[in-house]
Asks: 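Questions regarding the structure given below will be posed in turn.
Computed from heavy atoms alone, side chains included, the values below leave out hydrogens, waters and symmetry copies. Because the structure is predicted, anything quoted here is derived from the model rather than measured. Both ligands and their constituent atoms are indexed starting at 1 by order of listing. When a residue number appears, it is its place in the shown sequence, counting from 1.
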Amino acid sequence: MSSGEAAGRGGEPERVRIRVEGIVQGVGFRPYVHALARRLALSGWVGNDGRGVFIEAEGAAEDVARFQRELPGQAPPLAVIDRISVTAIPVLGERCARGFGIAASRDGGRRTLVSPDVATCADCLAELFDPSCRRYRHPFVNCTNCGPRYTIVRDVPYDRAATTMASFPMCRACAAEYGDPGDRRFHAQPVCCPRCGPVLRLLDGRGGEVAGDPVAGAVAVLRSGGVVAVKGLGGYHLAVDATDAAAVAVLRSRKRRADKPFAVVVADVAAARRLCVVGGEAERLLVSPARPIVVLPRRADTAARRPSVAEKVAEGVAPGEGRLGVMLPYTPVHHLLAAELARPYVLTSGNVSDEPIAHRDGEAVERLGAMVEAFLVHDREIHARAEDSVVVVAGGREIPVRRSRGYAPLPVRLARPARRAVLACGAELKSTFCLVRGERAFLSPHVGDLESYETLRSFVEGIAHFRRLFGVDPRVVAHDPHPEYLSSKYALDLEGVDLVAVQHHHAHIASCLAEAGEVGPVIGVAFDGTGFGADGTLWGGEVLVADLEGFTRVAHLGAVPMPGGAAAVRQPWRMAAAYLDAAFAGAPPEGLAVRERNAGLWGRVVAVARSGVGSPLTSSAGRLFDAVAAIVGVRDSVTFEGQAAAGLERWADPAEEGAYAARVEVGPALVIRGDDLVRAVVADVLGGVDGAVVSARFHNGLAAAAVAACALVREGAGPGGAGSGLGTVALSGGVFQNGLLLSRVVGGLEERGFRVLTHRRVPPNDGGISLGQAAVAAARDAAGPP
Ligand SMILES: [Zn+2]
Ligand SMILES: [Zn+2]
């Protein structure tokens, strides 16, 4: 009865034209505006165009004013309003059709924002499991508040015709809901039902149709230890019963993935709690509409409590890990599988090893056929890839590790808008790209490691899709100075654009500034694996004084050789050999287990390190972690980058307060003496001190040294006094995914009165590099000659 209650009051009629920009399409914004206008008895219309939502509203002045006031306040939960502009226009009066309607969409310059995909909402979930509902067990149930978005959008404006739902005409019942402003499905573009929507099917490994209920059939395959390829939102996944050790082993061998952890899907938060320790922030993330994989600590008491089947996740899911990546179902298909299987299942990207996730049907059958017993598929096309996002929680704070489904393509708003459109091509590992138009930086979903033709193709296709979606024609292209990265080669091949090379660690710090909406200058601590340094060595333990335009390297870890280059990344014991040789002037003490374990090659590796041939110097913090991990005995070789460092973090006793001392030498640039830490580690290891204590003292010592370097820089000890008086520190680089190191550094800096910026929205790892490159290129272009 709200309709008309406010009518007839408030004096002379007025008419306004309103434009709303932000995430306002595909989130129920038009129905919301429609309902608000009807409640205030206004006439006019609302519609979508390429820039967002346009509104014309007419009524009594007081009602029109109230409409404007209330418009932003009660917007639908998924809407993100960036800007509302209002213009008064002539009143139409009698010429104006009575009532308020929804206008046809207009194409108006592609400036709108596309929503990320949204997990099945509570209302739709209730319908999914309600036998009296016409969408009972309908694998594609969705509404204005949930469902596929980015992955089905071919073009803007966001309307059914521009999505992969275009080929499914609505039945009368669905069309009635779609057209009813009072319905939860009013103008929900992917709305459908069992009569008119896509169809779920079960295929055998060769693509032949299997009769019967497809979900029940898939569950039977999972229960018998088989691998099922499941077509999801942003690509195909491979699923196995997570409690079945043999099935997990089969999946590992077929996927050629040695021991990198898999994530599991559990039905709900209660099921997650049976496996892991779930704190408040972790629970918020688990149930959030983005539904990322949340990496959680395993429950220590599981064995003692005699776990039921549902709690016995096979060791092979995350070998040697004290942690488990857990995710709640985010599509109706995942919910149906979780309910019928009634135990956790592994859900991992449908690909071999490091290739991009398969997302097209024919290609999926071809690429995955030999890896699976069955395919659970449907005929709604996936237009854009999006892998699952990953976050860790450390010290109660969220650290994004992979930003993809559920987050992309939400833009980051830059403090220094771009004068001309920018494309940033990112790094090589954990590749992403970024397009900037004005103040908005659109960071792509995770693409993968740009080391294969398949991934490069996915990268190039992704850029083309983003350019179309956001109407951006980049004139400025940013890239890493590393000449061998495929992303750099791609950039250098482009014609008619201005190229901007952005140093890797400057890009890290700039990404941290960009997501915070700041411009610097700050003291930036960039700790990562390795990136191309400005002096020909490999950097990775850097303290920079940086703003968006430039940087000065003010401090760094002392450099050591990386014997064999890339081989030293795969074999952390080589870094141990190099560090020990450097720290003990060629004569490390006897009795170290790492040396005994690798006695056969030790002498040769030390000789290679000393010769410098094929052994670039590196100041990398990641490589220091590798060396210490090998010396402590965590592991001598790795199958994926960061594995040894992550192991060392897990070993650390968080209650240990002791810290090894490392000098910070004042010279042309400050040098953090990592070799001091190595000598202290060796003394404790030889003294029989427990690895958990050694690891913690190393973390605490490195953190203290980083804090001390920042304090010295603030006092003006950096080269040329750069950084003197700066009170803000930005922390970036993949090493800061280490929650223990991060919390120790943050704590130490705050104790010394620094303000600290850390990553909250984009990963500290190389997945954030493209955003940093983009922010730097935009700032330099804005500052440059017109
Ligand atoms: Zn819903
Ligand atoms: Zn229908």
Side-chain angles (χ1 to χ4, degrees), residues 23-32 34-35 74-80 114-153 158-161 163-201 214-215 232-234 265 267-269 286-292 327-339 378-381 386 405-407 410:
I23 306 267
V24 289
Q25 293 186 6
V27 294
F29 203 82
R30 286 177 303 172
Y32 158 69
H34 184 266
Q74 291 152 38
L78 300 175
V80 181
V114 175
S115 161
D117 302 285
V118 182
T120 307
C121 74
D123 290 333
C124 287
L125 191 57
E127 291 180 2
L128 183 66
F129 291 109
D130 178 358
S132 72
C133 175
R134 74 186 186 93
R135 291 190 178 85
Y136 175 56
R137 291 177 58 79
H138 178 49
F140 305 94
V141 56
N142 70 81
C143 71
T144 304
N145 301 318
C146 74
R149 296 289 188 275
Y150 167 71
T151 54
I152 62 165
V153 173
Y158 175 71
D159 272 329
R160 193 175 180 104
T163 72
T164 62
M165 283 301 290
S167 51
F168 300 95
M170 280 180 276
C171 69
R172 283 174 68 174
C174 285
E177 291 167 326
Y178 182 91
D180 175 1
D183 195 276
R184 201 173 92 242
R185 295 194 164 85
F186 182 60
H187 281 253
Q189 303 307 339
V191 71
C192 62
C193 74
R195 288 182 57 191
C196 63
V199 175
L200 194 67
R201 290 150 70 221
V215 172
L233 270 184
V265 175
D268 49 29
V269 173
L286 278 174
V287 303
S288 69
R291 293 282 158 112
M327 173 167 52
L328 300 192
Y330 56 88
T331 69
V333 172
H334 298 144
H335 277 291
L336 291 169
L337 287 174
H378 57 75
D379 49 352
R380 186 181 70 208
E381 192 191 318
R405 177 191 50 75
Y407 297 95
L410 278 179

Asks: Would a distance-only check, ignoring hydrogens and angles, find a side-chain to backbone donor-acceptor pair under 3.5 Å from Arg201 to Pro214?
Replies: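 Absent.
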
Asks: Just by distance, do the side chain of Arg160 and the backbone of Val191 share a donor-acceptor pair under 3.5 Å?
Replies: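 Checking the backbone N and O of Val191 against the side chain of Arg160, a donor-acceptor pair under 3.5 Å is found.
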
Asks: Is there a side-chain contact between Arg185 and Cys143 (heavy atoms, below 4.5 Å)?
Replies: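 Touching, per the 4.5 Å side-chain cut-off.
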
Asks: Which angle, to 10 degrees, forms at the Zn ion (ligand 1) with SG of Cys124 on one side and SG of Cys146 on the other?
Replies: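 Seen from the Zn ion (ligand 1), SG and SG are separated by roughly 100°.
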
Asks: Tell me, do Tyr32 and Thr144 make a side-chain contact under 4.5 Å, heavy atoms counted?
Replies: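 The answer is no, as the side chains (C-beta and beyond) never meet within the 4.5 Å cut-off.
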
Asks: Only one of His138, Arg134, Arg184 clears side-chain hydrogen bond (donor to acceptor under 3.5 Å, both in side chains) with Glu127; which?
Replies: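 One option only clears the test, and that one is Arg184.
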
Asks: Which class fits the ring pair Phe186 and His34: parallel under 30°, tilted 30 to 60°, perpendicular over 60°?
Replies: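 Plane angle between 30° and 60°, so tilted.
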
Asks: Could you check if a side-chain atom of Cys124 sits within less than 4.5 angstrom of a side-chain atom of Pro332, using non-hydrogen atoms only?
Replies: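 Result no, sub-4.5 Å side-chain heavy-atom pair not found.
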
Asks: Looking from the Zn ion (ligand 1), what is the angle between SG on Cys143 and SG on Cys121, to the nearest 10°?
Replies: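 Cys143 SG and Cys121 SG form an angle of 100° at the Zn ion (ligand 1).
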
Asks: Everything protein-side that's N, O or S and under 2.8 Å from the Zn ion (ligand 2): list it, residue and atom.
Replies: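 The answer, once waters are left aside, is Cys171 SG, Cys174 SG, Cys193 SG, Cys196 SG.
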
